[in-house]
Every structure is written in structure tokens, then in C-alpha cells.
Asker: 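Mind having a look at this structure? Questions to follow.
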Amino acid sequence: MLVSLDAPYVDTSAADLSLALGGPELPALYVLDLDLSGGRRIRLRLLGASHQVLLGGSAPDGAPGPVVLAETVACLPGRRPDLPSTVHQPADGYSFTATVLRPEPGGLSSRVAALRADLADDPRALVGVFPGDPDAVTALAVAPDPASDTVRWRTWHAYPQTNELVLTKTVVTL
């Protein structure tokens, strides 16, 4: 799903980002709720040039239950920026990777155009386009795998002002 956002960037570069696990729902510019198998739900949230993913468990009656995981990649006030390249928590079934790309001149625009084209009609994806620059996007895409009882999501944070593209990949074993 492609959405135009009526808000300026909050983050200014990849160096401003932090990863936070847990914590409250932050104010969102746009939210996409998706139902997963087993009564689970995932909520994709666009926050400025950042994202928050809330993964819900299932209640005993099969209905969606409380949030079991909150992942936020954002500029977090009062917190020193720290976006680790890898987080692996086997006991919690959580794995995260982040990569910062600095494409050749013109490369960011072509990558963002391809991303927008690939995800625009995907019902399990959310692409937020910020005003002023068609390359100013934050995107999230979910890929549940009921057979292995995992859910995966990828995110893209494009910063045309610094020619950076931040890619994250998360895998959660349910």
C-alpha cells in the first residue's frame, strides 16, 4: 500500500536512528493492521522517517491477544542513537539486522523507484512517501510463514538529503 504523508521528516540521517525493543506505541502518521494465522496480529506503524512494528499474540479463545513484541527503529528523544548491525536473542526468538547503504549518484532514486513499484500493490506492505522529495520514503513489508511458525519483516528508510538507505530485516519465531 502506497500512502502520501502530510508530515515532514523527523529523522535526518541513518546516524540518528536507534533500535528499541518494548516500550509504548508512539504517535504514528499511518497504521496498517494485518491478521496473521493463529489469531495473531501485526501492526505496521510509520513514524516520521521511522517505523514501529507491534506483534500481537493470540488469546486462549483464538482472538488476537496483547502485544508480545514492539520493535521501533527511530530517532528517540532522550536516547543516544544506536542502530546495531545485528541483534540475535535466541531465547526470545528474535533476530534483527540493519545495513546502511550509500548508493552511487542516482542509485538511491532508482532503488526507491523499484521499491515503490514492488510494494505499492502488496497488501502486506506499507510505503509512506513524504512531501518534497519522491525518494523520501519509509517502507515496511511483512512475510508470515505459518509452516515454520515465524514472521519476517523488512524495512527501508530512505534519506535523500544524505544519500542513505537503511535496510532492516527481522525474524521472529512465534
Side-chain angles (χ1 to χ4, degrees), residues 1-11 16-77 79 83 87 89 92-98 112-131 134-159 165-174:
M1 170 184 292
L2 187 64
V3 296
S4 294
L5 302 170
D6 186 24
Y9 264 152
V10 175
D11 305 335
D16 293 333
L17 296 174
S18 291
L19 170 67
L21 297 175
E25 281 190 44
L26 298 174
L29 299 174
Y30 198 91
V31 177
L32 177 63
D33 287 323
L34 299 169
D35 291 323
L36 304 174
S37 64
R40 294 181 180 98
R41 174 170 277 190
I42 193 163
R43 177 172 278 183
L44 307 179
R45 302 169 51 80
L46 293 175
L47 318 170
S50 316
H51 82 265
Q52 186 173 51
V53 175
L54 304 175
L55 180 61
S58 57
D61 62 0
V67 171
V68 295
L69 175 75
E71 174 191 275
T72 305
V73 172
C75 175
L76 299 167
R79 185 179 180 134
L83 184 64
V87 174
Q89 299 176 338
D92 298 328
Y94 179 82
S95 181
F96 171 90
T97 60
V112 170
L115 177 68
R116 289 173 62 158
D118 287 347
L119 299 180
D121 296 323
D122 184 337
R124 293 187 179 273
L126 179 58
V127 181
V129 182
F130 293 86
D135 295 337
V137 303
T138 297
L140 302 94
V142 175
D145 185 358
S148 66
D149 208 22
T150 61
V151 62
R152 303 169 187 270
W153 58 86
R154 298 179 63 192
T155 73
W156 300 260
H157 304 250
Y159 297 99
L165 182 61
V166 178
L167 312 172
T168 74
K169 296 179 187 178
T170 301
V171 179
V172 177
T173 302
L174 303 168

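We use all heavy atoms of the structure for the numbers below, so side chains are in, but hydrogens, waters and symmetry mates are not.
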Asker: Side chains of T170 and T155: does their closest heavy-atom pair fall under 4.5 Å?
Answerer: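 With C-beta onward as the side chain, the pair stays apart.
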Asker: Between R124 and L36, is there a side-chain heavy-atom distance shorter than 4.5 Å?
Answerer: yes
Asker: Would you say Q52's side chain and P24's backbone share a donor-acceptor pair under 3.5 angstrom?
Answerer: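 Side chain of Q52 to backbone of P24: a pair is present.
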Asker: Can you name the closest pair of heavy atoms from A141 and L119 and give their distance?
Answerer: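 Taking every non-hydrogen atom into account, CB-CD2, 4.1 Å.
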Asker: Do L83 and F96 touch side chain to side chain, with heavy atoms closer than 4.5 Å?
Answerer: yes
Asker: Take L5 and T138 through the test side-chain contact (heavy atoms from CB on, under 4.5 Å) and record every step on the way to the result.
Answerer: CA-CA 10 Å; L5 302 170; T138 297; over 6 Å; no
Asker: Are L17 and Y159 packed together at the side-chain level, in the sense that at least one heavy-atom pair is separated by less than 4.5 angstrom?
Answerer: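 Contact flag for L17/Y159 side chains = yes.
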Asker: Within the distance-only criterion (no hydrogens, no angle test), does the side chain of R116 pair as donor or acceptor with the backbone N or O of V129 below 3.5 angstrom?
Answerer: no
Asker: Is there a side-chain contact (heavy atoms from CB on, under 4.5 Å) between H51 and T168 once you walk through the steps?
Answerer: CA-CA 11 Å; H51 82 265; T168 74; 4.1 Å; yes
Asker: Testing D33, L140, V53, L69 for side-chain contact (heavy atoms from CB on, under 4.5 Å) with I42, which one passes?
Answerer: V53
Asker: Does any N or O in the side chain of R43 come within less than 3.5 Å of the main-chain N or O of G56, such that one atom is a donor and the other an acceptor?
Answerer: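 Absent.
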Asker: Which heavy atom in V127 sits nearest to a heavy atom in A139, and how many Å separate them?
Answerer: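 Heavy-atom minimum between the residues: CG2-CB, 3.9 Å.
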Asker: Counting C-beta onward and ignoring hydrogens, is there a side-chain heavy-atom pair between S50 and V73 closer than 4.5 Å?
Answerer: no
Asker: Run T72 and L26 through side-chain contact (heavy atoms from CB on, under 4.5 Å) and show every step you take.
Answerer: CA-CA 9 Å; T72 305; L26 298 174; 3.8 Å; yes
Asker: Taking all heavy atoms of G128 and all of L46, pick out the closest pair and write down the distance.
Answerer: CA-CD1, 3.6 Å
Asker: Give the minimum heavy-atom separation between Y94 and V172, together with the two atoms involved.
Answerer: CD1-CG2, 4.0 Å
Asker: For a quick test of reading the model, state the closest non-hydrogen atom pair linking G23 to A70 and the distance between them.
Answerer: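 What the structure gives for the nearest pair is O-CB, 4.1 Å.
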Asker: So how far is it from R41 CZ to L55 CG, rounded to the nearest 0.5 Å?
Answerer: 12.0 Å
Asker: Please give me the minimum heavy-atom distance between P123 and L32, naming the atom from each residue.
Answerer: O-CD2, 4.0 Å
Asker: Mind checking the CG-CD spacing from L54 to E71? Nearest 0.5 Å is all I need.
Answerer: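 If I round to the nearest 0.5 Å, the distance is 10.0 Å.
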Asker: If you measure from CE on M1 to OH on Y30, what distance do you get to the nearest 0.5 Å?
Answerer: 4.0 Å
Asker: Can L21 and Q89 be said to form a side-chain contact (heavy atoms from CB on, under 4.5 Å), step by step?
Answerer: CA-CA 11 Å; L21 297 175; Q89 299 176 338; 3.9 Å; yes
Asker: Could you measure the distance from the OG atom of S4 to the CG atom of L29? Nearest 0.5 Å is fine.
Answerer: 12.5 Å
Asker: Measuring only between side-chain heavy atoms, which start at C-beta, is V137 closer than 4.5 Å to W156?
Answerer: no
